[in-house]
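What follows is a short report on a single structure.
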Amino acid sequence: MAREISSVGVIGLGTMGAGIAEVLARSGVSVVAVEIDDDGVQRGRGHLEHSTERAVTGGKLDAGGRSALLDRIRYTTSLTELSDVDLVIEAIPENLEAKSDVFAQLDKITGPDTIFVSNTSSLSITEIGVHTARPGKVVGMHFFNPAPILKLVEIVRTVVTEPEVVTDVVAFAERLGKTPVVIGDRAGFIANALLFGYLNHAVRMYEQRYATREDLDAAMRFGCGYPMGPLALLDLIGLDTAYEILDTMYHQSRNRLHAPAPLLKQMITAGLLGRKTGQGFYTYDEPDSPTVTDAVTKSESDTTAPREVRKVGVVGTGTMATGIVEVFAKRGYEVILRARSAEKAAASVARVKKSLDKAVVKGKLSEEDATAALGRISPAVEFEELADVDLVVEAVAEDLAVKQAVFAALDDVVKPGAVLATTTSSLPVIECAAATSRPSDVVGVHFFNPAAVMKLVEVVSTIATAPDVIATVDAVCAAVGKHPVHCGDRAGFIVNALLFPYLNDAVKMLEAHYAEADDIDTAMKVGCGLPMGPFELLDVVGLDVSLAIQRTLFNEFREEGFAPAPLLEHLVTAGRLGRKTGKGFKDYSAR
């Protein structure tokens with residue numbers, strides 16, 4: 001039977017500690033809140049009063065409930081006031097020595113059965129616990145910020161944590177209305193270990209001027225459905241906090257991908273810590289404000305006149321090609337759909353019609369507009385029928401030789417000045433350009449699937465792409481309601497280069513038996529607000545496709561951390577490719 005936890009001490013009343021105290025008091029728990037001095041107590045009390053007042057204003061708490069909540073919290077500057085509590089949660093800054101010292105003091109003050117909990121996001125629970133005479137009663141309980149809102153709590157057990165302590169803390173987390181996942185003692189635990197490698201990678205991209213801060217953030221919001229882009233999220237977390245977490249992870253993993261990007265240290269030294277100081281990757285109107293005030297980063301294409309585009313050609317008949325045809329036809333462009341046979345062309349037009357009809361049924365398109373869009377599509381078999389298009393988009397299979405043959409054929413027939421674009425998601429755009437006599441007219445225009453729905457388009461310029469070609473694609477994206485982001489011609493572009501190493505890290509975490517696939521998915525969805533967990537996403541994308549992209553990244557960058565996880569290789573070899581085969585990381589055969 002789980003022990004009754006009715007009184008809890010909370011040490012540290014910063015944003016996180018105050019949030020934890022609020023969660024506890026809201027659940028009927030008596031809280032003894034400890035700060036280092038009276039000023040700290042007042043700041044902590046202010047956090048709680050402000051947060052609960054906001055909850056009342058938002059209709060999530062009534063005035064009586066707020067008063068009762070605040071009455072359950074007693075403030076003090078003395079650890080001795082914690083002598084009778086059932087459990088203590090430490091939420092002071094991420095410093096191993098300071099945390100260890102607090103636990104050593106608590107050991108002499110509290111009863112022998114009191115559970116000690118650290119809210120650390122990256123430090124070793126084992127190292128903290130050895131400074132007490134009760135390491136079996138020391139556990140990690142990593143809340144996520146803001147604690148009153150986010151549901152995930154990572155319960156971190158060490159090799160000596162007593163099983164009944166883990167059981168009691170899990171039951172307690174559930175009583176607080178949280179979603180607990182139990183894991184071992186490893187730097188970063190689940191969520192931070194996966195999240196911060198991705199964030200660090202984004203900083204390196206920005207540091208290398210591969211893409212602007214706005215484009216990096218927009219790419220992950222529009223391309224992956226993330227609630228925030230990586231650089232905006234770092235500003236929210238605090239660059240100093242991010243650096244400490246990455247540094248701790250690196251010293252344990254020795255994985256170069258966890259070594260904090262040099263730019264982080266430079267910005268911290270300059271006092272640019274993010275929202276809390278009013279400036280980080282972005283500038284805010286005041287400290288702790290979410291309102292960005294600095295100007296959007298300008299690109300060369302912003303001041304370059306685009307070429308005129310009235311007629312568009314699309315080469316290909318797959319899902320991506322038909323989606324792109326639909327996008328252009330709905331926005332008033334005359335579209336020539338080139339297929340290898342009349343039958344394939346007719347089938348593709350029929351798929352566009354089916355999609356348009358579905359939009360009509362859902363009320364997203366009028367019958368007149370659907371009929372007009374379909375009337376703008378002309379099927380074609382010969383490349384010569386693309387002779388007078390202003391823009392041609394190649395959307396054939398991800399095979400470089402096939403794409404190069406298409407570009408060579410287009411080069412022979414398409415009029416001078418037309419823009420030649422490839423939708424490749426991983427192949428070098430310059431290799432397609434090299435198959436033509438006009439490499440300055442060639443650009444990558446990577447739509448995301450389903451093209452008719454997804455707003456993002458990655459605009460990929462090679463070292464030869466002309467500025468007015470980029471300006472033309474930007475203008476066309478605006479005309480068809482897409483959000484363009486710009487990057488250079490290297491493997492993965494923005495989205496896949498950030499996404500797939502993170503997915504690969506998740507596979508390695510599973511492979512090491514650190515956590516179960518469902519727990520890892522839960523941690524990333526509940527703790528980080530992602531629309532899908534990594535294993536759900538891998539199974540949707542297809543493990544064979546995911547492996548091919550990861551191999552491309554590894555072959556391009558030769559980064560050890562990008563090497564595909566052996567488990568991913570083995571599943572693909574065994575034919576377990578995800579939803580499309582009924583089994584991947586999860587089993588869909590019974591669904």
Side-chain angles (χ1 to χ4, degrees), residues 1-92 102 106 109-111 113-119 139-155 165 167-180 288 526-527 529:
M1 180 177 169
R3 80 177 76 191
E4 179 63 30
I5 297 174
S6 59
S7 61
V8 174
V10 176
I11 304 171
L13 292 177
T15 304
M16 182 57 79
I20 293 170
E22 180 180 336
V23 169
L24 296 167
R26 192 186 285 247
S27 301
V29 177
S30 295
V31 180
V32 181
V34 185
E35 251 298 348
I36 195 167
D37 53 29
D38 290 335
D39 287 343
V41 166
Q42 290 308 312
R43 279 194 302 271
R45 191 192 298 270
H47 282 311
L48 278 151
E49 290 178 351
H50 178 67
S51 177
T52 52
E53 181 62 41
R54 205 165 47 196
V56 170
T57 304
K60 296 178 181 177
L61 193 66
D62 59 31
R66 176 178 186 256
S67 179
L69 186 161
L70 294 174
D71 285 347
R72 293 189 192 103
I73 303 171
R74 178 162 60 88
Y75 300 91
T76 179
T77 58
S78 174
L79 288 176
T80 58
E81 297 287 320
L82 301 177
S83 59
D84 295 326
V85 299
D86 303 308
L87 180 147
V88 181
I89 300 175
E90 164 276 307
I92 67 174
V102 164
L106 286 172
I109 294 167
T110 59
D113 292 327
T114 302
I115 297 173
F116 289 176
V117 171
S118 175
N119 179 58
V139 68
M141 197 173 183
H142 179 214
F143 290 79
F144 285 71
N145 195 22
I149 296 172
L150 291 181
K151 295 288 188 183
L152 183 70
V153 175
E154 292 176 318
I155 309 296
V165 168
T167 301
D168 290 343
V169 173
V170 167
F172 183 57
E174 290 171 341
R175 179 181 149 198
L176 298 177
K178 299 300 183 183
T179 303
D288 294 317
V526 179

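Numbering of residues begins at 1 and proceeds along the displayed sequence.
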Fill in: Exercise: identify the closest heavy-atom pair between Ala18 and Gly44
CB-O, 4.2 Å
Worksheet entry | Between OG on residue Ser7 and CZ on residue Arg72, distance to nearest 0.5 Å | 13.5 Å
Worksheet, complete the sentence: Minimal heavy-atom distance between Ile109 and Leu82, with the atoms involved, is CG2-C, 4.4 Å
Practice prompt. With side chain to side chain contact (heavy atoms under 4.5 Å, CB included) as the test, would you mind laying out the steps for Leu106 and Glu90 before giving the verdict?
Written response: CA-CA 10 Å; Leu106 286 172; Glu90 164 276 307; 5.8 Å; no
Fill in: Validation row: Val34, Val88 side chains within 4.5 angstrom (heavy atoms)
no
Worksheet item: Is it true that a side-chain atom of Thr114 and a backbone atom of Val85 form a donor plus acceptor pair closer than 3.5 Å?
Response: yes
Worksheet item: How far apart are the closest heavy atoms of Leu150 and Gly527, and which atoms are they?
Response: CD1-O, 4.0 Å
Worksheet item: About how many Å separate CD1 of Ile115 and CE of Met141, when rounded to the nearest 0.5 Å?
Response: 9.5 Å
Discussion item. Please check if the number of heavy atoms outside Leu70 that lie under 6.0 Å from its CG is greater than 12.
Written reply: yes
Worksheet entry | Phe116: partners by ring pair (Phe, Tyr, Trp, His ring centres under 6.0 Å), with sequence neighbours left out | Phe103
With a cut-off of 3.5 Å and sequence neighbours excluded, list every side-chain donor-acceptor pair involving residues 55-64.
| residue | atom | partner | partner atom | Å |
| --- | --- | --- | --- | --- |
| Thr57 | OG1 | Glu53 | O | 3.0 |
| Asp62 | OD1 | Gly64 | N | 3.3 |
| Asp62 | OD1 | Gly65 | N | 2.5 |

Response to the item:
Between the CG atom in Asn119 and the CD1 atom in Ile20, the distance rounded to the nearest 0.5 Å is 4.0 Å
Item to complete: Write out all pairs satisfying salt bridge (charged side-chain N to carboxylate O under 4.0 Å, His left out) with one or both partners inside residues 10-20, taking only residues at least two apart or from two chains.
Response: none
Worksheet entry | Heavy-atom closest pair, residues Ala91 and Gly17 | CB-CA, 3.8 Å
Discussion item. Does either side chain, that of Ser78 or that of Thr80, offer a donor lying less than 3.5 Å from an acceptor on the other one?
Written reply: yes
Practice prompt. Determine whether the side chains of Ser6 and Asp86 contain a donor N or O and an acceptor N or O closer than 3.5 Å.
Written response: yes
Practice prompt. Applying ring pair (Phe, Tyr, Trp, His ring centres under 6.0 Å), name anything that partners Phe144, two or more places apart in sequence or on another chain.
Written response: His142
Worksheet item: Taking atom CZ of Arg175 and atom CD of Glu4, what is their separation to the nearest 0.5 Å?
Response: 5.0 Å
Worksheet item: Rounded to the nearest 0.5 Å, what separation is found between the CG atom of Leu24 and the CG atom of Leu69?
Response: 9.5 Å
Practice prompt. Kindly indicate whether the side chain of Lys178, heavy atoms from C-beta on, has any atom under 4.5 Å from the side chain of Val23.
Written response: yes
Practice prompt. For Arg45, check salt bridge (Lys or Arg N to Asp or Glu O under 4.0 Å) against everything at least two apart and list the hits.
Written response: none
Worksheet item: Would you call Arg43 and Glu35 a salt bridge, taking side-chain N to carboxylate O under 4.0 Å as the test?
Response: no
Worksheet item: Between Thr52 and Leu48, is there a donor-acceptor pair closer than 3.5 Å when you use the side chain of the first and the backbone of the second?
Response: yes
Discussion item. With rounding to the nearest 0.5 angstrom, report the CZ to CD1 distance, Phe143 to Ile89.
Written reply: 4.5 Å
Worksheet item: Of all heavy-atom pairs between Met16 and Ala147, which one has the smallest distance, and what is that distance?
Response: SD-CB, 4.1 Å
Worksheet entry | Pairs satisfying salt bridge (charged side-chain N to carboxylate O under 4.0 Å, His left out), at least one member in residues 24-33, at least two apart | Glu22-Arg26
Item to complete: Side-chain contact test, heavy atoms from C-beta onward, threshold under 4.5 Å: evaluate it for Leu176 versus Val153 and give yes or no.
Response: no
Worksheet entry | Shortest non-hydrogen contact from Val41 toward Thr76 | CG2-O, 3.8 Å
